[in-house]
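Read the numbers this way: they start at 1 and go in the same order the structure lists the ligands and their atoms. Counting begins at 1 with the first residue of the sequence. All values below were derived from every heavy atom in this structure, side-chain atoms included, with hydrogens, water molecules and symmetry-related copies excluded.
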Amino acid sequence: MTDKTLEKQQLDKFKQICDEAGIKLTHQRLEIFREILSSKDHPAAEIIHRRLQKKMPTIAIDTVYRTLATFDELGIVKKLHVMGERTLFDANLDQHHHFVCTRCKAVEDLYWPEFDSTILPKSFNGVGQIQSRHLELHGLCKNCIKETGS
Ligand SMILES: [Zn+2]
Ligand SMILES: [Zn+2]
């Protein structure tokens, strides 16, 4: 499957979700969604806003915040809190984990199906019902290793 057809599928799904939720598909909402979809770097709201300003100079940061909150409620994007601080947005809804660079704060997707299907220790039952698994791994990314020479 090419990237183009995948993008078309994701856009169609997005339109369908908005339709079912009774949310009007405005130009701004569509552009915000497209922007997140095309960014693989888990951008923060401020970064998304800055990128959108190139196409829509008058877009307000509040609009971006509000739209992202709506998308999050609808399950269109996932809110991601890395290193316990920054709120980032992820349009990749497939089960995956994250690697966070402690130096440049870059976030990369990691897939680990074996981990996802591992039977959890019995002792975990004590906490309640586990519904999802997410690992956050920390370290130095390839670029930072090159730059620091370590
Ligand atoms: Zn880095
Ligand atoms: Zn991700």
Could you pull out the atom name of the N/O/S atom in H96 that is nearest the Zn ion (ligand 2)? NE2
Ion pair K8/D12, N-O distance below 4.0 Å: yes
Restricting to N, O or S atoms, which atom of D90 is closest to the Zn ion (ligand 2)? OD2
Please find the N/O/S atom of D109 nearest to the Zn ion (ligand 2) and write down its name. OD1
Go through the side-chain N and O atoms of H97 and D109 and say whether any donor and acceptor fall under 3.5 Å apart. no
Ignoring hydrogens and angles, tell me if any N or O in the side chain of R86 forms a donor-acceptor pair with the backbone of K105 under 3.5 Å. yes
Decide whether N92 and H42 meet the rule of one side-chain donor and one side-chain acceptor closer than 3.5 Å. no
To the nearest 10 degrees, could you say what angle the Zn ion (ligand 1) makes with SG of C104 and SG of C144? 110°
Identify, by name, the N, O or S atom of H98 lying closest to the Zn ion (ligand 2). NE2
Whether the H138 and E136 side chains hold a donor-acceptor pair (N or O, under 3.5 Å, no angle test) is what I'd like checked. yes
Is the Zn ion (ligand 2) under 2.8 Å from any N, O or S atom of E108? no
